[in-house]
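Written below as structure tokens is the structure these notes are about.
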Amino acid sequence: MQLIALAGKPNCGKSTFFKSLTLANVEIANYPFTTIDANKGVAYVRAPCPCKELGISGCTKCVDGVRFIPVELVDVAGLVPDAHLGKGLGNQFLDNIREADAIIQVVDASGSTDAEGNPVDIGTRNPIEDVEFLRYEIAMWLAGIVNKHLPRLVRQAQGKELVLIDLLGESLAGVRVDAIQVREAVEETGINLAKASETDIEKLCEVLLRKSKIMVIAANKADQASDENIKALEELGAVPTIAAGELALKSASAAKILKYLPGDAAFAPVEGAKLSAPQVKALTMIAENMKKFGNTGVQKVLNKVVFDDMNMIVVYPVEDDNKYCNAKGVILPDAFLMPKGSTPKDLAFKVHTDIGNGFLYAVDARTKMRIKDTTELKTGDIIKIVSTAK
């Protein structure tokens, strides 16, 4: 399962963002370091279920033709300036993102919290500064790891640059950096690794961070932010989000008060549901903000990370290619996230190692035709795997 980290300074709305995606029971409060230990949960990316397109009835794995596929989410402790030196809960934060496949950087777009997460008047803080400092802190943490290993690796490489690059790549494997990324960063910065200064290493690590960690900005509290702040953040690729609104809608949906699917542009009261005056007022405000931004943005940013930035596709393995089901008759029983470029044989191993080892061939359930084991799969493909494994 893909692991996505939520990162940001304290009190930027990370815990609300996390709960809005997972409905996990986490502490939410208006003060720094609400999150002391990393919260872990399961979130779901949204994709169209093939059952609707194919006119298949009886699918129990989707909601109104919408499929939700799980990813792992971790909400780590807030990051403050000089976290790489151990300030705040920095060391704990940085260790928690070590294994993340991607990072959603939650930024307080309203500018209502200072650099360390203390509440200030709305508009006081420039959110662009928060984007910059967090990336700087992660890069400096990475630089600390490089500086720790480099002297020893220089001696081992004995003047051979390519060997040194390979050795450094091996040393950084634990933070999801490889030798190819190290080589690209060295070429881009033009530094001599064997003679690199502290400043050189910092520049190298800023490039390494960009190449090794997918980072997407969630411009949170967008409903309270100025148009100028939103525009400036969107120019950096940010997605405006209203985590508090998403949490309210999902909670109301879970309580069967509203009909709402994460990522929808609108919601509607369930027939017969009784809403109090404060609830009506709050929902009216959420609806107005959704109209302005298209939706709450929370599902949108998660989908962006997984599908646009991580380049994942959704593939549906079945055992019966005529009825699109498994041996028990469950229609489209599984939906797997796989990297773009995956093949039927990759899918076989994803289902089970024994299925992969015994792979014979695959059938495209849509066309009923056998396909090569090297065929590149597309999102929405429904595939039958034929294997010697039982």
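Note that the structure is predicted; figures quoted are calculated from it, not measured.
Of the possible donor and acceptor atoms, one in the side chain of Lys368 sits under 3.5 Å from a partner among the backbone N and O of Asp321. In this structure, the side chain of Arg46 engages the main chain of Pro262 through a donor-acceptor pair within 3.5 Å. Side-chain atoms of Thr241 do not come within 3.5 Å of backbone N or O of Gly297 as any donor-acceptor pair. Under the 3.5 Å distance criterion, the side-chain polar atoms of Lys213 are matched with a main-chain donor or acceptor of Ala100. Of the possible donor and acceptor atoms, none in the side chain of Ser253 sits under 3.5 Å from a partner among the backbone N and O of Lys250. A donor-acceptor pair under 3.5 Å is formed between the side chain of Asp108 and the backbone N or O of Thr113. Here the side chain of Asp364 pairs no donor or acceptor atom with the backbone of Ile371 at under 3.5 angstrom. Using modelled atom types, one side-chain atom of Lys14 and one backbone atom of Val76 make a donor-acceptor pair closer than 3.5 Å. Within the 3.5 Å criterion, the main-chain N or O of Ser197 finds a donor-acceptor partner in the side chain of Asp200. In this structure, the side chain of Asp101 engages the main chain of Leu3 through a donor-acceptor pair within 3.5 Å.
The shortest distance between side-chain heavy atoms of Val314 and Arg67 does not fall below 4.5 Å. For the pair Leu236/Ile128, a side-chain contact is recorded, criterion being any heavy-atom separation below 4.5 Å from C-beta on. The shortest side-chain heavy-atom distance between Leu332 and Cys49 falls under the 4.5 Å cut-off. Taking the side chain as every heavy atom from C-beta outward, Asn311 and Pro339 never approach each other to under 4.5 Å. In this structure the side chain of Asp75 reaches within 4.5 angstrom of the side chain of Ser15, judged on heavy atoms. Side-chain atoms of Val106 and Phe18, non-hydrogen and from C-beta on, never get closer than 4.5 Å to each other. Looking at Asp373 and Thr343, their side chains never come closer than 4.5 Å, going by heavy atoms from C-beta outward. Between Lys292 and Glu288 there is no side-chain heavy-atom pair separated by less than 4.5 Å.
Ala243 approaches Asn220 most closely through the heavy-atom pair N-OD1, 3.2 Å. The two residues Ala185 and Thr189 have their closest heavy-atom pair at O-OG1, 2.8 Å. Taking every heavy atom of both residues into account, Ala196 and Ile191 meet most closely at CB-CD1, 4.2 Å. Taking every heavy atom of both residues into account, Ala362 and Ile383 meet most closely at CB-CG2, 3.9 Å. Nearest heavy atom pair, residue Gly65 against residue Lys52, reads CA-CD, 4.0 Å. Taking each heavy atom of Ser387 and Phe359 in turn, the nearest pair found is OG-N, 3.7 Å.
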**Message:** Checking Cys12 against Asp130 for the side chain to side chain contact (heavy atoms under 4.5 Å, CB included) test, could you report, in this order, the C-alpha distance in whole Å, the side-chain angles of both residues, the deciding distance, and whether it holds?
**Reply:** CA-CA 10 Å; Cys12 64; Asp130 292 335; over 6 Å; no

**Message:** If you apply the rule side chain to side chain contact (heavy atoms under 4.5 Å, CB included), what do you find for Lys61 with Val330, and how did you get there?
**Reply:** CA-CA 9 Å; Lys61 296 293 183 175; Val330 179; 3.9 Å; yes

**Message:** Working note: Gln158 + Val163, criterion side chain to side chain contact (heavy atoms under 4.5 Å, CB included); need CA distance, chi angles, decisive distance, verdict.
**Reply:** CA-CA 9 Å; Gln158 298 180 339; Val163 172; over 6 Å; no

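The structure places CD1 of Ile214 at 10.5 Å from CZ of Arg176, a figure rounded to the nearest 0.5 Å. Distance check, rounded to the nearest 0.5 Å: CZ of Phe349 to OG of Ser342 gives 13.0 Å. For the atom pair CG (Leu167) and CG (Leu193), the distance works out to 10.5 Å, reported to the nearest 0.5 Å. The distance from atom OG1 of Thr296 to atom CZ of Phe17, rounded to the nearest 0.5 Å, is 8.0 Å. A distance of 11.0 Å separates OH in Tyr316 from CG in Asp334, rounded to the nearest 0.5 Å. One finds the NZ atom of Lys350 at 7.0 Å from the CG atom of Leu337 (value rounded to the nearest 0.5 Å).
Residues Met312 and Phe68 do not share a hydrophobic cluster, defined by chaining ILVMFWY side chains whose heavy atoms lie under 4.5 Å apart. Placement of Leu21 and Leu249 in two distinct hydrophobic clusters is found when ILVMFWY residues are connected by side-chain heavy-atom separations under 4.5 Å, directly or transitively. Clustering ILVMFWY residues whenever any of their side-chain heavy atoms sit less than 4.5 angstrom apart, transitively, puts Leu247 in a cluster other than the one holding Leu283. Ile217 and Ile230 are assigned to two separate hydrophobic clusters, defined by single-linkage of ILVMFWY side chains at heavy-atom distances under 4.5 Å. When hydrophobic clusters are built by joining Ile, Leu, Val, Met, Phe, Trp and Tyr residues whose side-chain heavy atoms come closer than 4.5 Å, directly or via intermediates, Met310 is grouped together with Leu302.
Heavy atoms of other residues, nucleotides or ligands lying less than 6.0 angstrom from NZ of Lys281 number 12 at most. Within 6.0 Å of CG in Leu360 there are more than 12 heavy atoms belonging to other residues, nucleotides or ligands. Around the CG atom of Asp121, the shell of radius 6.0 Å holds no more than 12 heavy atoms that belong to other residues, nucleotides or ligands.
Of the charged side-chain nitrogens involved, none lies within less than 4.0 Å of a carboxylate oxygen, so that Lys160 and Asp166 do not count as a salt-bridged pair.
Asn357 and Thr353 form no side-chain donor-acceptor contact under 3.5 Å, judged by distance and modelled atom types alone. With 3.5 Å as the limit, one finds a donor-acceptor pair spanning the side chains of Tyr260 and Glu246. Judged purely by distance below 3.5 Å, without hydrogens or angles, the side chains of Thr124 and Asp114 never pair a donor atom with an acceptor atom.
For the side-chain contact (heavy atoms from CB on, under 4.5 Å) with Met215, the lone residue among Val305, Ile104, Leu134 that qualifies is Leu134.
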